[in-house]
Amino acid sequence: MTTAPPTALTFDRTVPRAVAHRRAVGEVFVTDSTALGEDEFLLAWQIPRAHSLWGDRTVPYHDPFAIAEAARQGCFVVVHRHLGIPLDLPFSLRRFTFRVVGPLAALRDGERAPLQGLLRYRTVRELRGGDLGSMTLDGELSVDGTPVMTIGGDVVFLPRGDYATLRAFQRSRKPLADIAPWQPAAPLPPELVGRRDARNIVVGEQTAQGRCPLVIDRSHPSYFDHDYDHVPGPFIVEGFRQAGLLAAVRAGLLPSPVAAFTALTTTFADFGEFEAPLEYSAEPTPGPDGRVEVRLGLHQFGAELAEGLIELTPYP
C-alpha cells in the first residue's frame, strides 16, 4: 500500500474506468486516489460540466446526487486499487447514505469550471474465512476545503460461485415464469420532476393504487453504462428522487419540482428483476425550513425490495 500527501492528488485524468465500474471514460468521476493509512483513503473527483444526465437541470446549482455518484465510484476505487480486491469479485451495496452539509450556495455553478473536490473515506473491514467479507465506509466530500457532503455505505463481498448461487435461488422464489407479458409505462413529462430531457425520466404516471411505475430504458448511456443482471442501485435511487418530487408537489408540500436532493438513506433487501413491473410507494411529510422528507419503497411481486428516506430542499 502506497501513501502520498494530499497535495499529490491531481485532476488531470480519470482513474482507469474498470476500477470505477464504468464502461465509458466520460462516466468516470474519480481522478486520483491515495492511501493515508491502513483504513483511511483520500480521493480526488470531478463532475463534467456538460453531462447528459447530471447537467440536466434548470437551476445554476450542481446536482448533489452527482457528487454522491462520485463517492460511490470512489468506494470501488478504494476496494480495487488499495485493498487488492479483484475486479471480477461480485459485491453488493446494502446501505447507502448521503447528506448535504452547509448551505446550497457551496454547490452553485459558476459556469466557468467543473465542480471538483476531495473525498476522505474511512473504512471498517470484516473478514470471512480469511477473506474480506464486508466493509463499512464513512466519508466526507469537500470543495475548496469546505465540507459539502457526508457519505456512508455497507458493502458485502461474495465469491463468484456464491453470487451465482444466490441469484439463482432468488430468481427461483419469484414467479418469473408465470407473469404475463407487460408493457412498460410511459415516462412522465420531464418538467413534472424538474428535468428538461425526457430520456432521463425513470417514473411513469401514478397508478390507481397511488404508486409510480419504474420506467426502464436499458440503452440509457449513464443509468446503464454497462450490463447488469438486476436493476442497479443508482437507478433505483434516481427513481426515489423522481417519485418523491412528484409526491411532494402533489401533496402541496413543495411549490415546485425544482428542488435539491439533499439527503438519502436507503437499504436494499433484494434485487429487482427486469422481467416484471416495479412500482414506488411514496409518503411525503413536511420538514423544517420548507424541506420535505419522503419515505419511499420499491415493490415487485408484492414485496418491498428497497426502502429509502430522502430529503428535498427548495433552492434559494
Side-chain angles (χ1 to χ4, degrees), residues 1-22 25 27-48 54 62 64-102 106-107 114-128 130-158 225 233-234 237 263-266:
M1 181 180 298
T2 60
T3 61
T7 54
L9 296 184
T10 74
F11 301 91
D12 293 341
R13 61 183 63 85
T14 68
V15 299
R17 55 192 175 89
V19 301
H21 287 206
R22 300 273 82 185
V25 173
E27 297 297 325
V28 180
F29 299 161
V30 180
T31 64
D32 203 356
S33 68
T34 188
L36 300 178
E38 185 177 353
D39 300 309
E40 190 168 4
F41 308 89
L42 190 69
L43 303 99
W45 53 269
Q46 183 183 93
I47 309 300
W54 303 114
H62 295 284
F65 194 20
I67 305 173
E69 168 61 19
R72 188 185 73 92
Q73 294 181 22
C75 165
F76 302 142
V77 174
V78 167
V79 164
H80 298 307
R81 173 177 276 187
H82 298 287
L83 302 183
I85 302 302
L87 290 173
D88 63 350
L89 181 71
F91 58 91
S92 174
L93 188 63
R94 297 293 179 86
R95 177 185 65 91
F96 184 55
T97 69
F98 72 79
R99 177 168 292 277
V100 173
V101 295
L107 300 181
L115 182 69
Q116 64 185 34
L118 297 177
L119 163 62
R120 186 182 296 264
Y121 260 140
R122 292 164 294 279
T123 66
V124 176
R125 286 167 270 168
E126 293 187 7
L127 300 180
R128 183 175 57 236
D131 296 322
L132 184 59
S134 63
M135 180 173 66
T136 296
L137 301 101
D138 288 291
E140 181 180 83
L141 296 106
S142 61
V143 174
D144 294 329
T146 299
V148 296
M149 179 178 287
T150 58
I151 200 89
D154 295 328
V155 180
V156 177
F157 300 86
L158 294 168
D225 169 73
V237 172
L264 163 75
T265 299
T266 184

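Within the model, atoms CZ of Phe157 and CD of Glu126 stand 11.5 Å from one another, a figure rounded to the nearest 0.5 Å. Rounding to the nearest 0.5 angstrom, the gap separating the OG1 atom in Thr266 from the CZ atom in Phe96 is 9.5 Å. Leu158 contributes atom CG, which lies 7.5 Å from atom CG of Leu89 (distance to the nearest 0.5 angstrom). Annotation: the span from Cys75 atom SG to Tyr121 atom OH amounts to 5.5 Å, rounded to 0.5 Å.
At least one donor-acceptor pair closer than 3.5 Å links the side chain of Asp32 to the backbone N or O of Thr10. Trp45 contributes a side-chain N or O that, together with a main-chain N or O of Leu118, makes up a donor-acceptor pair within less than 3.5 Å.
Under the 4.0 Å criterion applied to side-chain N and carboxylate O atoms, Arg22 and Asp225 are assigned as salt-bridge partners.
With sequence neighbours excluded, no residue satisfies side chain to side chain donor-acceptor pair (under 3.5 Å) with Arg17. Partners of Arg99 under the salt bridge (Lys or Arg N to Asp or Glu O under 4.0 Å) rule, at least two apart in sequence or in another chain, are Glu311.
Considering all non-hydrogen atoms of both residues, Ile47 and Pro114 come closest at O-CB, 3.3 Å. Here the closest heavy-atom approach between residue Phe29 and residue Pro48 is recorded as CE2-CD, 3.3 Å. Shortest non-hydrogen contact noted between Pro64 and Leu107 is CG-CD1, 3.8 Å.
Ring geometry, His21 versus Phe91: the interplanar angle falls from 30° to 60°, so the pair is classed tilted.
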May I have the list of side-chain donor-acceptor pairs in residues 143-152 shorter than 3.5 Å, sequence neighbours left out?
none

